[in-house]
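Notes for the one structure printed next.
Chain naming here is simple, since letters A, B, ... match the order of the sequence lines and numbering starts at 1 in each. A quick note: this is a predicted structure, and the numbers were derived from the prediction, not measured.
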Amino acid sequence: MWVAGGGEASRIFGSTPNPAREWGMPDPKSVLAERLQVGFDRLEPGADPVLRASDRADFQANGALALAKRLGRSPREVAEAVVAQVDVADLCDLVEVSGPGFINLTLSAPFLASQLSAMAVDGRLGVEQAVEPQRVVVDYSGPNVAKEMHVGHLRSTVIGDSICRILDFVGHQVIRENHVGDWGTPFGMLIEHLIDLGEGAVEELSVGDLDAFYRQARESFDTDQTFRERSRRRVVLLQSGDEETLALWRILVAESVRHYDAVYEKLGVLLTDDDIVGESFYNPMLAGVVEDLRGTGLLEESDGAQCVFPPGFENRNGEPLPLIVQKSDEGYGYAATDLAAVRDRVERLGASRILYVVGSPQSQHLQMVFAVAHMAGWLPEGVDAVHVAFGSVLGPDNKMFKSRSGESVKLDALLDEAVERAATAMAERESDMQAVDRAAAARTLGIGAVKYADLSTERHRDYVFDWDRMLAFEGNTGPYLQYAHARIRSIFRRGNVTAPDPAVPVTLVDPDERSLVLQLLGFGEAVAASLQATSPSKLSAYLFDLASVFTSFYENCPVLRAPDDETRRSRLVLSDLSARVLAVGLGLLGIGAPERM
RNA sequence: GCCCCAGUAGCUCAGUGGAUAGAGCACCGGCCUCCGGAGCCGGGUGCGCAGGUUCAAGUCCUGCCUGGGGCGCCA
C-alpha cells in the first residue's frame, strides 16, 4: 500500500489536478466555514458563522440568529443577506434559509468526491499539522517503586499514551514523563527489609511479587519497634546520599522498572525506561525550591512547616489552606517535588504546555501547585499547566474496582485475563487462521478491548469495568472496530484485488456512499476535537460512527460485485480509505488493527 | 462545613448555546440463497429538582437533592 506525506503526494500526483490545493484542506466543514466567514464579515467583521453538522442538511450555519440581535434586524433577513454575499456554488447543491434563520447547506457530490480524493491521496488522511507546534510535557502513568501496577494506573497510562500519540501525529513535540514514586519515607523500611532478606531477596523480587515484599516490610514496620527505628535512620542515610544505601535503593528501583517494562509491553504503550523521571530526580532541586520561595517572600512558617498559602484555598474551618513545601521535620513533601518538576519542565525542557494525566482526587493539590508556581514565576504566561483529570474504575457493584479479597486488582493479571477472554471469544467462531496468528490477534483484541473501554468513556466520569461488555463484538467496543477493519481488509483479500490508486475518482450516487464520504471527511475534525478537549473519547466516538456508517454502506452497496468497473473502483477506494482511517484512528488510541481475526 | 467531579432511555454511554435530545446493549417485529449474519430495516421510553440569563438551555448562572472524591505536614 502506498503511504506518504502530503508533500510527496503532490509530487507523485502532480500531473493530476490536486483538489486539496484548490479548496484547502479536505475537511469540507473548514472550507465552508471559510466561505461563510466572508459573508458574515460583510455584516459584522469577525461574526461567528456557528457552523455545525445538521440533521436537516449536511451543515447548518446558526450565526445569523446571534447576529440579528446585535444588528437589530430579523434573523431571517440577516441569513438571507449572508447567503446573498456568499459564493458557494462550487461547494453546495443547496443553500436555504430555514426556520427562524438557520442557513442549511447541502454539499454537492462533485465537491465531496473531490475532497475525498484529496484525503485519500494524503498520507495524513486530511489531518492538519499544528500551525504552531508546541513542546508538550505529558506526565502520566506514575507507578510506585516496590509496588505492582494495579488497575488504578490503567487510566493514566492508557489515556496519557493516546494523548501523546495524538499530539505527536498532529506535529507537536511530545516529552513523555513517567513520574514514578521512587523516593520518600517508605524507602527506609523497604531497604531495611531488603537487608533482612539478604542476598536471596533479589531473586525473590525478580520473581515478580513486589506487593508481597512491600506488605512484609510494612508488617515489620508496624509490629517491630527496632525495625521501625532502623527504617527511620535508613531514610536519613538515603536522603544524605550514603552510597551503600543508594546501592540497595537502586536494586529496588531496577526490579520495579523491570516490572513496569513488562506491563507496558503487554499493554502496548510508548513508555520506556528513558521516560522515567522519578521523584528522586528532583531531590537535588528541593532545597533550591524552598530557598527561592523564601526569597520571593511567599514562604510562611505554620506549625513548624514551611508553607505557601495560595489565595482561594481554604480548609474545613475556613482558614487559608497551605501548600506544605517543607515539613516540620525538615523533610520535603510531594508539593516540593511537584513544584521542582514544574520548574524543571519549564526551564530545562522548555515546555509550553504541561499535561498532568492524573486522577481527579488530586485536583485540589494540583491547582494549588499551579497557583504557587504562578506566584513564584515558575509558570509564566504562555505556559499552560493542565490537569487532565479522570474518574475512577469501578467494579460491577459500582464501587472502586477491587479483587474478591478486597485488594486492588493487579494490572498484569488483568491484562492476561483480557487476552484469555479474547481468545475464548474468538474460539467460539470459525476461523481459518493459524494458531500463532490467532494468539497474536487475541492479544490485540484483549488489550484493545480494555483500552477502548477506558478511552471511549468521557474521561471525567467514573466507568464500570465489565468484561462482557468490553469484549463484545457488537456495540461501541474495541473488538467491534477491529472487526470492522478486518472485514474491510477481507474484501481485498477474498476478492484478490489490491487497493486501487487513491487518486481514482469516486462516484457518489447511492446515499450510503455519500454518508460514508461525509463521515470519512470528518476525520481531521475529530482528531482536532479530541486534542482540543484532551479527550480520546471524541476520537473513539468518531471511529464508532465511521464503522456504523461503513456497515450500512457495505450492506447496501456491493463492492466486488458492483454494477460496473467505475463504481467498483470507486467503492474500493472508499473501502480502502475507511480501513486506513480505522487503522490510523485506532493507532492514535494505542490500539492495534489486525488484518484478520 | 467548604471545595472538586458526576447525575441524560430498563442498563452502559454520546451530545462543541441552536430546530423534533441520540447511539449501543437488552426486548419485540420484519428482511436478506448475505463481497465475513459479529448484518440490515422498523418499533419507545429520558435531560435529578427549582429558579434565573438568553431570540434559543441537557449545555451558562444560583440554590437544593443524590452519588463519588478531596480538605496541614502520605504521594
Side-chain angles (χ1 to χ4, degrees), chain A residues 50 52-56 60 62-63 65-66 68-69 74-75 98-102 104 142 144 179 181 183-186 279 302-307 312-329 331-335 337-338 359-365 367 389-392 394 398-400 425 428-431 453 456-458 460-464 466 468-469 472-477 479-480 483-484 486-495 525 529 532-533 537-538 540-541 544-545 548 551-552 554-562 571 575 596-597:
Chain A
V50 195
R52 298 287 133 92
S54 176
D55 52 355
R56 311 286 179 98
Q60 62 182 63
N62 307 329
L65 285 85
K69 180 80 175 173
S74 90
S98 157
F102 301 106
N104 290 349
N144 292 306
H179 194 82
W183 202 252
T185 43
E279 290 169 354
S302 175
D303 294 336
Q306 301 300 316
C307 307
F313 296 91
E314 293 180 350
N315 69 8
R316 67 187 73 210
N317 301 319
E319 299 154 354
L321 188 64
L323 187 69
I324 298 173
V325 288
Q326 191 170 21
K327 301 183 283 186
S328 52
D329 67 358
Y332 299 103
Y334 58 100
T337 308
D338 286 338
S360 29
Q362 292 204 48
S363 172
Q364 187 180 50
H365 167 70
Q367 294 313 320
F390 53 84
S392 308
L394 306 180
N398 269 13
K399 298 198 171 143
M400 296 290 283
E428 284 168 5
R429 55 186 292 271
E430 292 183 25
S431 170
S456 59
T457 298
E458 210 283 319
H460 288 101
R461 290 175 74 118
D462 296 346
Y463 88 92
V464 178
D466 182 331
D468 292 335
R469 193 179 308 120
F473 288 92
E474 57 281 314
N476 189 7
T477 70
Y480 173 76
Y483 171 71
R487 191 166 60 159
I488 299 171
R489 286 291 180 229
S490 84
I491 297 171
F492 294 94
R493 195 166 51 243
R494 298 274 168 106
E525 198 201 354
Q532 168 75 25
S537 67
K538 308 253 181 215
S540 310
F544 177 66
D545 285 343
S548 309
T551 308
S552 294
Y554 187 64
E555 184 77 14
N556 299 319
C557 304
V559 177
L560 293 174
R561 297 179 306 181
R571 289 176 178 174
S575 300
R596 52 205 301 195
M597 49 191 268

### Query
Is a side-chain N or O of A:Ser456 found less than 3.5 angstrom from the main chain of A:Ser537, in a donor-acceptor match?
no
### Query
Between B:rG69 and B:rU62, how far is it from one C1' atom to the other, in whole Å?
23 Å
#### Entry: C1' gap between B:rA57 and B:rG51, integer Å
13 Å
### Message
Return the pairing partner of B:rU45 with a 3.5 Å limit on both distances, Watson-Crick or G-U wobble; otherwise return none.
### Response
none
### Pairwise P distance, B:rU12 and B:rG72 [rounded to whole Å]
34 Å
### Task
May I ask you to evaluate whether A:Lys327 reaches the phosphate of B:rC74, defined as a side-chain N or O under 4.0 Å from OP1 or OP2?
yes
### Query
Do any N or O atoms from the side chain of A:Asp329 and from the backbone of A:Gly331 form a donor-acceptor pair under 3.5 angstrom?
yes
### Query
So what does A:Arg571 hit on the nucleic acid, given a heavy-atom distance under 4.0 Å: a base, only sugar-phosphate, or nothing?
nothing
### Query
With both distances under 3.5 Å as the test, what is the Watson-Crick or G-U wobble partner of B:rU20?
none
### Query
Can you give one letter per nucleotide of nucleotides 64-72 of chain B, 5' to 3': B if a protein heavy atom sits under 4.0 Å from the base, S if only from the sugar-phosphate, - if neither?
-----SSBB
### Task
Return the nucleotide paired to B:rC2: Watson-Crick means purine N1 to pyrimidine N3 with N6-O4 or O6-N4, wobble means G-U with N1-O2 and O6-N3, both under 3.5 Å.
B:rG70
### Query
Among B:rA75, B:rC4, B:rU16, which is the nearest nucleotide to the side chain of A:Glu279?
B:rA75
### Query
Over how many whole Å does the gap from A:Glu474 atom CD to B:rC27 atom P extend?
11 Å
#### Entry: C1'-based separation of B:rC5 from B:rG48 [nearest Å]
16 Å
### Message
In whole Å, measure the gap between the P atoms of B:rC3 and B:rG63 for me.
### Response
8 Å
### Message
What's A:Phe544 touching, base or sugar-phosphate or nothing? Going by heavy atoms closer than 4.0 Å.
### Response
sugar-phosphate
### Message
Taking syn as a glycosidic torsion within 90° of 0 and anything else as anti, which one is B:rG67?
### Response
anti
### Query
Which part of the nucleic acid does A:Ala486 contact within heavy-atom distance under 4.0 Å: base, sugar-phosphate only, or nothing?
base
### Task
Could you check how far CZ of A:Arg561 sits from P of B:rC34, rounded to whole Å?
6 Å
### Query
To the nearest 0.5 Å, how far apart are CZ in A:Arg487 and OG in A:Ser575?
10.5 Å
#### Entry: B:rA21 to B:rC49 separation - P atoms, rounded to the nearest Å
16 Å
Can you name the atoms? Protein N/O to nucleotides 17-22 of chain B N/O, anything below 3.5 Å, with the distance.
{"from": "B:rA19", "atom 1": "O2'", "to": "A:Arg56", "atom 2": "NH2", "distance (Å)": "2.1"}
{"from": "B:rA19", "atom 1": "N7", "to": "A:Gln60", "atom 2": "OE1", "distance (Å)": "3.1"}
{"from": "B:rA19", "atom 1": "N7", "to": "A:Gln60", "atom 2": "NE2", "distance (Å)": "3.1"}
{"from": "B:rA19", "atom 1": "N6", "to": "A:Gln60", "atom 2": "OE1", "distance (Å)": "3.3"}
{"from": "B:rA19", "atom 1": "N6", "to": "A:Asn104", "atom 2": "OD1", "distance (Å)": "2.4"}
{"from": "B:rA19", "atom 1": "N6", "to": "A:Asn104", "atom 2": "ND2", "distance (Å)": "3.1"}
{"from": "B:rA19", "atom 1": "N1", "to": "A:Ser98", "atom 2": "OG", "distance (Å)": "2.8"}
{"from": "B:rA19", "atom 1": "N3", "to": "A:Arg56", "atom 2": "NH1", "distance (Å)": "3.2"}

### Query
Expressed in angstrom and rounded to an integer, what is the separation of A:Arg461 atom CZ from B:rG58 atom C1'?
13 Å
### Task
In whole angstrom, give the distance that lies between atom CG of A:Asp545 and atom C1' of B:rC13.
13 Å
### Message
Let me confirm one number: the NZ-CD distance from A:Lys538 to A:Glu525, rounded to the nearest 0.5 Å.
### Response
11.0 Å
### Message
Tell me whether the side-chain N/O atoms of A:Ser575 come closer than 4.0 Å to OP1 or OP2 in B:rC35.
### Response
no
### Message
Heavy atoms only, 4.0 Å cut-off, all strands: where does A:Ser328 land among base, sugar-phosphate and nothing?
### Response
base
### Interatomic distance, A:Lys327 atom NZ to A:Asp303 atom CG [nearest 0.5 angstrom]
15.0 Å
### Residue closer to the 5' end of RNA chain B, A:Asn476 versus A:Arg494 (nearest nucleotide)
A:Asn476
### Task
Determine the Euclidean distance between corresponding C1' atoms of B:rA19 and B:rA56; express it in Å to zero decimal places.
10 Å
### Query
What is the nucleic acid contact for A:Tyr463, judged by heavy atoms within less than 4.0 Å: base, sugar-phosphate only, or nothing?
sugar-phosphate
### Length of the line joining A:Arg596:CZ and B:rC35:P, which is rounded to integer Å
17 Å
### Query
Could you give the distance from OH (A:Tyr463) to CZ (A:Arg469), rounded to the nearest 0.5 Å?
11.0 Å
### Query
Between the main-chain N or O of A:Pro558 and the side-chain N or O of A:Arg571, is there a donor-acceptor pair closer than 3.5 Å?
yes
### Task
For A:Arg487 and B:rG39, give me the distance from atom CZ to atom P, rounded to whole Å.
8 Å
### Query
How is A:Gly333 classified with respect to the nucleic acid when contacts are heavy atoms under 4.0 Å: base, sugar-phosphate, or nothing?
sugar-phosphate
#### Entry: Side chain A:Asn315, main chain A:Asn317, donor-acceptor under 3.5 Å
yes
### Summary
Atom NE2 of A:His460 and atom P of B:rC5 are separated, to the nearest Å, by 8 Å
### Message
So, taking the atom named OG1 in A:Thr457 and the one named CG in A:Asn476, what distance separates them when rounded to the nearest 0.5 Å?
### Response
8.5 Å
### Message
To the nearest 0.5 Å, what is the distance between CG on A:Asp338 and NE2 on A:His365?
### Response
4.0 Å
### Query
Roughly, in whole Å, what's the span from CG in A:Leu560 to C1' in B:rC34?
13 Å
### Task
By nearest nucleotide on RNA chain B, pick out whichever of A:Gly475 and A:Ser548 is the more 5' one.
A:Gly475
### Task
Determine the Euclidean distance between corresponding P atoms of B:rC25 and B:rG52; express it in Å to zero decimal places.
41 Å
#### Entry: Nucleotide opposite B:rG39 in a Watson-Crick or G-U pair, distances under 3.5 Å
B:rC31
### Query
Under 5.5 Å between ring centres and under 30° between planes: does that hold for A:Phe313 against the base of B:rC3?
no
